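Everything on this sheet refers to the single structure shown next.
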There are 2 protein chains.
Amino acid sequence: MAVNTQFSIAVHILAASGCCRGEGTTTGKFALSVNTSPSFVRRVVSKLSKAGLLKTTTGKSGSCGLAKDAKMISLLDIYRAVDAPKAFSIHNYPEQKPCLVSCHIKASLEKALKKTQKAMEESLSEISLASIVTEVNKK
Amino acid sequence: MAVNTQFSIAVHILAASGCCRGEGTTTGKFALSVNTSPSFVRRVVSKLSKAGLLKTTTGKSGSCGLAKDAKMISLLDIYRAVDAPKAFSIHNYPEQKPCLVSCHIKASLEKALKKTQKAMEESLSEISLASIVTEVNKK
DNA sequence: CATAACTGTTACTATATTAGTCACAGTTTA
DNA sequence: TAAACTGTGACTAATATAGTAACAGTTATG
C-alpha cells in the first residue's frame with residue numbers, strides 16, 4: 001500500500017466532475033465510484049481545490065465542479081496538486097571522505113535525474129483532462 | 001523508508017566499480033561507501049549481476065567489476081535491473097456499474113500514463129554510466 | 001430557527017513496502 | 001584447512017500511505 005495512488009484518484013475525481021454535470025458530484029458519490037472512504041476523497045478534493053482545479057461549495061447540496069475548462073487542465077497540474085513523490089529518490093548518507101564516488105555521486109546523479117524528471121513532467125503536461133474525459137465517454 | 005532507493009544505490013555501486021579499478025571492489029567496501037550494510041549491497045549486486053551489468057567473482061579475493069564498458073550501460077539498464085516501481089500506480093478497485101467514469105477511467109489513464117512512462121525511460125536510456133563516472137572524476 | 005447534508009480538517013489505526021540485520025551455504029585463493 | 005569473498009533466506013524495524021472516525025464550519029430547505 002505504500003504506493004501513492006492519490007494522483008490516479010485525483011484524475012478520477014476530476015474526470016467525474018467533468019462528466020457528471022448535474023448529478024450530485026459529492027465526495028460521498030465519488031467515494032463510491034472510487035471505492036474508498038469519503039474522508040480520503042475529501043482529503044484529495046481539498047488539495048485539488050487549493051490548487052485551483054476544483055471548485056467546491058459547502059453546506060447542504062454542496063458539490064464539486066471543475067474550476068476551469070477540462071482542456072485547460074493537464075495531468076501535470078494534477079500531479080503537482082497532489083504533490084506526488086518524485087519519480088526517483090536518491091539515498092541520503094554521509095560522505096565517506098576517502099571515497100571519491102561517495103563524495104560526488106549524489107550531485108552527479110541529481111543532475112542526471114533532473115533531466116528525467118523534466119521529461120516526465122513535459123509528457124504529463126501534454127495530456128489534458130479533456131482527452132481523458134473524451135476517452136471515457138467514447139466507450 | 002517506503003521509497004525505493006535501490007536504483008541510486010545501484011548506480012553508486014556501478015560507478016564505484018568503474019572508477020576504482022584495482023582497489024578492492026568488494027561488497028564490504030561498497031557498504032562503507034554507500035553507508036549501508038554489506039548484506040543489502042550484496043542483494044543489489046546480485047540483481048546487477050543477473051542483469052549482466054556487473055561481473056562478480058566468488059571466493060577469497062572475490063570482487064565486482066563492470067561486465068561491459070561504462071559507455072554501453074545506460075541508466076535505463078540499471079533501472080530495469082533493480083526493477084524499480086513504475087513512476088505511477090493506478091489505484092485498483094472493482095468497477096461501480098452505474099458509473100461510467102468508474103468503469104472506463106482505468107483504461108484511459110493507463111493509456112495516457114504509458115506515454116509518460118515511455119518518455120521517462122527514453123530519457124534514462126540517453127544517460128550513460130560513463131557520463132556519471134566522468135562527472136564524478138571531474139571534481 | 002432547526003435540521004439535514006455537505007466540505008474541511010485533525011487524529012488515530014492498519015497495512016504494505018522497503019531497508020537493515022543476522023545467519024549460513026557455497027566458492028576460491030593462499 | 002582456513003580465510004575472505006558472494007549469494008540467499010528469514011526475520012525485524014522503519015516509514016509512507018490508505019483507511020477510519022469524529023467534529024467543526026457552512027448553507028439550503030422545511
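Keep in mind that what you see is a predicted model, and the values were worked out from it rather than measured. Proteins come first, then strands; the chains are lettered A, B, ... in the order of their sequence lines, and each starts at number 1.
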Please list, in numerical order, the residues of residues 37-47 of chain A that have a heavy atom closer than 4.0 Å to any atom of DNA chain C.
A:S39, A:R42, A:R43, A:V45, A:S46

Could you walk me through whether B:L54 and B:I13 pass the side chain to side chain contact (heavy atoms under 4.5 Å, CB included) test, one step at a time?
CA-CA 9 Å; B:L54 206 58; B:I13 290 171; 4.3 Å; yes

Counting distance only, does the side-chain N/O of B:S17 pair as donor-acceptor with the main-chain N or O of B:L66 below 3.5 Å?
no

Rounded to whole Å, the NZ-P distance (B:K86 to C:dT17) equals 15 Å

Okay, side chain of B:T27, backbone of B:V41: is any donor-acceptor separation there less than 3.5 Å?
no

Would you sort out whether A:D83 and A:K47 count as a side chain to side chain contact (heavy atoms under 4.5 Å, CB included), showing the intermediate values?
CA-CA 9 Å; A:D83 72 1; A:K47 284 183 184 178; 4.1 Å; yes

Give a yes/no on whether any side-chain N or O of A:T26 is located under 4.0 angstrom from OP1 or OP2 of C:dC6.
no

Euclidean distance, B:R43 CZ relative to B:Q6 CD, rounded to 0.5 Å
7.5 Å

Would you kindly give the CD1-to-P distance between B:I90 and D:dT17, to the nearest whole Å?
18 Å

How many Å lie between NZ on A:K55 and P on C:dG8, as a whole number?
13 Å

Can a donor-acceptor pair be found, under 3.5 Å and without considering hydrogens, that links the side chain of B:S74 to the backbone of B:E126?
no

Mark up nucleotides 25-30 of chain D, 5' to 3', with B wherever a protein heavy atom is under 4.0 angstrom from a base atom, S wherever such an atom reaches only the sugar-phosphate, and - elsewhere.
-BBB--

How long is the straight-line distance from CD1 of B:I78 back to CD1 of B:I9, given to the nearest 0.5 Å?
13.0 Å

Nearest-Å distance for atom pair CG/C1', residues A:L48 and C:dG8:
14 Å

Quick one: B:I13 CD1 to D:dT6 C1', roughly how many Å, whole number?
13 Å

Is a side-chain N or O of A:S108 found less than 3.5 angstrom from the main chain of A:H104, in a donor-acceptor match?
yes

Under 4.0 Å between any heavy atoms, over every strand shown, what does B:K50 touch: base, sugar-phosphate, or nothing? Just pick one.
sugar-phosphate

D:dA18 OP1/OP2 closer than 4.0 Å to side-chain N/O of A:Q6
yes

Return the 5'-most residue of the pair A:G62, B:I9 with respect to DNA chain C, ranking by each residue's nearest nucleotide.
A:G62

Phosphate-side-chain proximity, B:T56 and D:dG7, N/O vs OP1/OP2 below 4.0 Å:
yes

When you measure from the side chain of B:T57 to the backbone of B:S63, do you find a donor-acceptor pair of N or O atoms at a distance under 3.5 Å?
yes

